[in-house]
Structures are given as structure tokens and as C-alpha cells.
*Asks:* 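Got a structure here, written out as C-alpha cells. Questions coming.
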Amino acid sequence: MITFNEEQKIFKLDTKTSSYVIEIFKENYLVNLYYGKKIPDINLKKLSERYRSASFSPCNPNDKNEEYSVDVLPMEYSCSGSGDFRIAALSIKNADGNTVTDIRYTGHRMYKGKPDISPLPSLYLNNDNEADTLEIYTIDRVTGAKATLYYTVFNETGAMAKSVRVENTGNRAFEIEKIYSSCVDLPSMDYDLITLYGRHVKERCREQRRLAHGIQGIQSLRGASSHNQNPFAALLSSDGNEDTGDAYGFNLIYSGNFEISAECDYQGSTRLITGINPADFSWHLEPGEAFQSPEAVLVYSDKGLGGMSRIFHRLYLNNLIRGKYKTEKRPLLINSWEAAYFDFDTEKLVSFAKEAKELGFDMLVMDDGWFGVRNDDTNSLGDWYVNEKKLPGGLGVLIDRVNALGLKFGIWYEPEMISPDSDLFRAHPDWCVHVKNRENSIARHQYVLDVSREDVRENIFNQMYSVLSKYKIDYVKWDFNRNISEAGSALLPPERQQEFFHRFIMGTYQLMDRLTKTFPDILLENCSGGGGRFDPGMLYYSPQIWTSDNTDPIERLSIQFGTSLCYPASTMGAHVSDSSRTGYETKGNVALWGTFGYELDPNKLTDSEKDLVKQQVKEYHKYYELIHCGDLYRLIDPYFDSYKCAWEFVSPDKSECLVTSVTIRRSLYTLYILKLKGLDHDKYYKNEADGEIYSGALLMSAGINLSDVKNLDGESVKIYFTEVK
Ligand code: DGJ
């Protein structure tokens with residue numbers, strides 16, 4: 001619900017659990033008075049009286065007594081060059097060449113529902129009553145830049161979406177140099193900043209640091225959200241932890257270059273900005289043109305990081321994931337990559353399919369290597385026609401045989417890439433991303449295709465269309481295996497070259513949009529050398545993303561724990577593979593946290609391993625709803641414990657829960673008592689394995705004894721409780 005107190009000129013944006021307060025301050029500055037746990041008050045004027053200008057702080061010329069300054073006020077959307085020396089959310093280089101920017105309130109509108117910011121991906125509503133929106137209009141008098149600040153509050157879920165649109169209403173062109181999607185000023189720096197760092201095969205690992213004076217933050221300049229930092233950050237109050245304390249989560253619905261930074265100023269307040277990375281970015285706006293920022297998602301919870309994560313999960317399941325597979329059960333797949341890499345033919349794939357059918361799987365996915373003349377990673381990207389040497393008679397023959405066995409069929413693409421050794425490159429050498437007079441760097445023997453260009457997109461779409469429309473294909477894996485250097489487009493004039501990175505990702509979104517609209521029944525799984533583009537922008541088009549090329553279950557623990565800070569289980573691609581010596585039981589238990597599937601040669605499994613796999617397939621079906629729709633509780637996080645780790649899914653009605661515990665390393669002679677979370681104190685629950693009955697209160701306060709259960713290195717156990725009525 002959003003209210004406006006006319007007399008005090010204060011907006012209050014409430015959800016069931018949080019409040020966010022904005023004041024139209026003196027001289028029509030917009031200030032952010034509060035963000036946190038829900039407060040009932042309507043008299044909030046006092047909150048802005050806390051901020052006094054200090055020596056050296058520039059004051060508004062009408063403030064004759066020099067009482068306040070934008071240097072210390074909690075600015076709702078900070079501007080460059082006009083007295084606020086902290087990070088500017090908006091910076092416009094005007095036709096006179098300076099970047100002094102100064103927006104002031106001019107009006108507002110409040111309504112049920114949410115604005116459409118397509119073609120950018122964003123949260124959507126299932127009905128208008130789910131959310132309320134406030135649009136605040138502002139103007140920068142000198143440039144005529146009209147900045148509209150959008151706020152949508154999700155009443156039940158407790159989340160908020162923010163974005164900004166700048167329109168040039170003046171009569172001279174200008175450049176937007178910075179346009180963050182969200183700026184939040186909190187009157188304390190008593191927080192830890194939690195972010196997700198990583199690299200290829202080690203994505204989204206939790207990192208936590210105490211805020212300090214100055215700027216600290218994360219970014220990507222790689223043209224993708226990247227393996228190295230995820231567009232997610234949390235602030236956790238210093239007294240907070242997994243279950244208690246103030247946790248603020250920030251996530252950007254964007255797959256390109258981003259920045260999330262926190263600045264703690266001299267008065268001990270924290271500004272946190274989220275948005276497009278201003279490095280290597282600017283946007284030229286002619287009079288009448290407008291630019292829309294991506295959407296930032298903000299979540300507040302007074303129940304620590306766990307509470308914050310569960311809000312993100314619920315929100316993304318309801319308001320981000322779309323299409324048929326939002327609700328429909330996903331097929332249990334086997335992927336050919338780790339089973340065969342490039343070394344396959346029709347017979348080998350059919351042999352996988354035969355065994356997969358026996359084991360109870362639903363779909364065979366043919367990964368990289370089916371097109372052009374590709375037998376390794378040195379060629380053929382861009383030549384999306386079948387390699388008949390490997391697949392004699394073509395795709396139709398293979399797919400018919402797989403379908404005849406009762407399995408669906410999926411296929412791999414890397415649409416935004418081009419190999420220098422490809423027919424496409426020989427025909428269109430200027431179609432790759434490049435700049436004048438410099439040689440392109442090469443990575444994995446490939447260049448990036450300039451999908452900011454419509455002609456390039458058209459070609460790639462048509463090539464994909466001719467395959468996907470001709471054959472019965474139920475799944476597409478969309479890969480992206482290098483980052484972008486020498487970033488530029490042959491079609492852009494010099495003054496617009498800095499627009500390239502944003503135009504590139506918008507081109508990708510357009511391709512994905514067209515593909516998913518043309519083939520709504522295809523399950524799209526994103527991937528980028530594992531999880532190099534695991535972000536909410538991609539989740540808007542594909543309900544699941546390959547989490548990491550690292551399929552070792554022990555290594556996967558920190559990756560999946562980190563990923564779960566923001567993203568729900570059903571989005572995390574997770575497969576059992578032949579990756580390590582850890583047993584298949586633990587591999588299955590860890591993969592069960594995600595989408596679950598296999599990535600191995602099933603013909604190589606021993607009979608007892610096959611029995612175990614059949615058992616896992618049954619468990620996949622049994623726990624599907626609980627894991628995909630339940631609430632996640634992180635019980636023991638590998639970030640804190642290098643010996644064991646545990647997590648739990650609880651059904652929304654608290655009638656069942658599944659607990660998984662993994663022994664990373666054995667700890668001799670120590671008690672291992674695991675306390676559950678999220679159950680109903682007053683309900684009684686039966687352990688399915690031994691029939692023992694416990695109260696929810698006991699399970700959560702006294703815990704269960706796992707001291708002698710599967711506690712050798714790499715062993716794991718699942719315990720399933722159901723309510724006794
Ligand atoms: C990287 C992906 O993460 C893998 O799963 C696989 O699809 C390879 N690319 C194929 O080249």
C-alpha cells in the first residue's frame with residue numbers, strides 16, 4: 001500500500017513486512033527517510049530533522065541560514081556535481097560539457113499495478129492487486145532531463161522494485177553518464193556487506209565484509225553479469241545472522257555490466273547504489289528521446305539472511321519465472337556433455353537414451369558438437385546446421401529414434417558467438433564485436449557476435465528457427481562462453497560507441513524474447529560456461545540456469561549455498577555426474593537441491609549404481625513439489641563450517657520437511673546435533689525412516705542427533721518428516 005501525507009509531503013510505501021518513506025523536502029529535494037521493518041506511524045516529519053549541514057557542505061542558495069545540505073541529507077536519488085559528494089545515482093553531461101545535475105520533485109502518480117518497462121526484463125504481476133506503484137516526476141531545470149522514479153511494492157511478498165526513466169524534454173542533446181536503478185541511504189554503517197564472488201567452476205560463493213568508510217562494492221565489465229560477481233548484494237546488521245537481524249537484499253534484473261556499491265560517509269551513513277555500471281557506458285539522448293534503466297529488486301527482512309532469501313525465492317517464483325514451466329513439472333534430463341564431450345554420434349546418443357529410459361529419465365539433451373564441422377571447440381559457432389558425419393541422415397533420424405524410446409529431446413546452442421573458422425564469419429567478417437584499427441582478442445577460439453545489430457539477430461534467429469520449427473525439440477540450452485573485449489559495433493557512430501554494452505544485452509534479450517514467444521513449449525535453460533550469467537534478467541526468459549560446470553558435490557555446496565541467497569532451488573541447474581570419487585548417493589542428494597538431472601554415460605554405471613539412480617529418480621518425483629515450491633532453511637552453511645553442512649525444505653503449510661546433511665570432513669568424537677527450522681512448534685512430525693514422532697518444538701529446540709549417521713568424508717543423509725494429524 002502506498003500513501004501520501006499531503007500536509008507533511010511524505011510518501012509511505014508499505015508491504016506486509018516493510019516500510020519505505022520518502023519526503024518531498026525543502027526546495028523540492030527528495031529525501032529517503034526510512035527503509036526497514038514495517039512501522040505504523042503517519043507522523044514521520046521528525047525523521048528528516050536529524051540531518052544538519054556540516055562545515056564545507058554546500059547549501060542551497062535559498063537556505064540563508066545554511067541549515068541543510070545535500071551533502072548530508074539521505075538523498076532519494078543522488079545527483080552529481082551539485083553539493084552531494086557521495087556516489088551520484090544520476091549524472092548527465094549537458095551540452096555545455098559539465099556534469100552538474102540537480103533533479104527536483106515536480107509531481108507524482110500512485111496506482112494499483114506496475115509499469116511496463118519492456119523490452120527490459122522485469123518483475124510482472126499476476127493481477128493488479130498484487131502491487132502498488134508510485135511514480136515520482138522530477139526535472140533537472142538546466143538540461144530538461146525529466147527523471148521518473150518508479151517504485152512498485154509487492155504487498156504480500158514484502159519486496160520492492162525500483163527503476164528510473166530519463167527523458168530529454170529540453171532542446172539540446174545530452175549524455176547520461178550514470179543512471180543507477182536504485183539509491184538507498186541508511187542512517188548507519190553498522191552492517192556487513194555480503195556479495196557473491198567467484199570464477200569459472202566456482203561461482204557465487206559468499207563473501208562478507210564489515211562496511212568501512214569509503215566506497216566498497218562489486219561490478220562486472222565483462223559484457224555479462226559474470227562468474228566473478230553476481231548482481232546481488234546484502235547488507236546485514238552487525239547483530240544479524242541467518243535467522244535474526246536486519247537484512248537488506250539488492251538484486252539487479254540485468255545480465256550485462258553492473259555495479260553495486262556501498263559508500264559510508266563521514267557522518268556514518270551508508271548509501272547503496274545498484275545499476276548499470278557507468279564505466280564504459282554513456283547514453284546519448286536527443287531532445288524527445290528517453291532511456292529506461294533496468295529494474296532493481298529490494299528486499300528487507302527482520303529475520304536475517306534466511307528471511308531475505310525466502311522473500312526473494314517466493315517473489316521470483318511468482319513474479320519473475322514465466323511460461324509453461326513456471327508451473328509444469330520439468331522433465332528429468334540426461335545431458336551428453338560430461339558423458340561424451342564432442343565425441344558422439346547417433347548410435348552413442350541412442351545408447352544413452354535407451355539406458356536413460358530404463359532408469360526412468362524423461363529427456364536426452366545433445367550438448368555442444370552437433371553442428372558445422374565441430375569436433376572440438378575451435379570452429380563452427382554460427383553454422384547452426386547439422387553435422388551429418390556425426391548424425392547421418394540428420395537430426396530427424398536421431399530425434400525420431402529418441403522419441404520412439406519414449407524420451408523427449410533437447411539441443412545446445414551458443415547463439416551470441418562466432419568462430420573465426422566458420423562459414424558465417426567467412427561470409428560476414430564484420431558481424432563480430434570489434435572496434436576500428438584493433439585486432440580482436442580471442443577466447444575459447446571464438447569471437448562474440450554483434451547481436452546489437454538487427455541483421456545479425458535476424459540471421460541467427462532464422463538459423464535457429466529452421467531447426468526448431470522442423471523437429472520435435474523440447475528443450476534448448478543457451479550457452480555463452482566468453483566475455484566481451486574490444487567492445488564496439490560497426491553500425492554505431494563514435495558518439496554512441498559507449499552505448500554498445502547495453503545495446504548488446506538488449507539484443508540478447510530481444511533474441512530470447514522472440515525465441516520464447518515463437519516456441520512457448522520449449523524449456524529454455526541458460527548457461528554461460530556454467531553459471532557466468534546466472535541473474536534475474538536471464539531467469540525472465542529461462543526458468544532454470546546451469547549453475548556451474550563444477551559438478552563435484554562437495555565443491556557444489558558452497559556454490560549452491562551462495563546461489564540460494566537470492567535464487568530459488570527450481571532455478572539452479574544441478575546434475576549428478578561422474579565428476580569425482582564422492583559416492584552417487586551424495587551426488588544425488590546435492591543435485592536434488594536444484595533442477596536435478598544426470599550428465600554421465602549411463603552405460604558405464606554398475607548394476608548397484610543403476611539401482612541407486614532408479615531410487616534417486618523416485619525421490620526426485622517424491623520431493624519435487626517440496627523442493628520447487630517449499631521454503632528453504634539453510635541450517636549449516638559451508639561458509640562457516642568446513643566439516644558439515646545441512647539444509648532443509650519446508651512445505652508452505654509446514655506439514656512436511658526434507659532435511660539433507662552432508663559430511664564434508666569427518667570430525668571424530670564430536671556431537672552433531674542438528675536443529676531444524678521453520679516447522680510448527682505445536683505440530684507433531686514423524687521421521688519416515690524409523691517412524692519416530694517428535695514435536696516441531698523438539699525438532700527445532702533440541703534437534704536431532706546425527707553424530708553417528710553417515711559421517712564419513714563425503715557421506716550424506718536425507719531425513720523426511722511428515723506431520724502426524
Ligand atoms: C559450457 C557449459 O557450461 C557446458 O555445460 C557445456 O555446454 C559446454 N559449454 C559446451 O561447450
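Whatever order the structure lists ligands and atoms in, that order sets their numbers, starting from 1. Numbers here are sequence positions counted from 1.
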*Asks:* Can you list the residues that meet the side-chain contact (heavy atoms from CB on, under 4.5 Å) rule with E625, with sequence neighbours excluded?
*Replies:*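 Listed in chain order: C629.
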
*Asks:* Please tell me whether T346 and R401 have a donor and an acceptor in their side chains that are separated by less than 3.5 angstrom.
*Replies:*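 T346 vs R401: no donor-acceptor pair found between side chains.
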
*Asks:* Using the test side-chain contact (heavy atoms from CB on, under 4.5 Å), find all partners of D549 that sit at least two apart in sequence or belong to another chain.
*Replies:*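 Expected list: H200, V201, W546.
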
*Asks:* Tell me whether the NZ or CZ atom of K587 lies within the 45° cone about the ring axis of Y584 and under 6.0 Å from its centre.
*Replies:*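 Yes, a cation-pi geometry holds between K587 and Y584.
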
*Asks:* Are S351 and N603 close enough that a side-chain donor and a side-chain acceptor fall under 3.5 Å?
*Replies:*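 Note: S351 and N603 side chains meet the donor-acceptor criterion.
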
*Asks:* I'd like to check the side-chain contact (heavy atoms from CB on, under 4.5 Å) partners of T586; sequence neighbours left out, ordered by chain and number.
*Replies:*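 So T586 forms a side-chain contact (heavy atoms from CB on, under 4.5 Å) with P553, T582, V590, V662, S716.
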
*Asks:* Just to be sure I understand the cut-off, which residues have at least one non-hydrogen atom under 4.0 angstrom from an atom of ligand 1?
*Replies:*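 Correct list: W337, D367, D368, W412, R444, K477, D479, N481, C527, G529, G530, W546, D549.
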
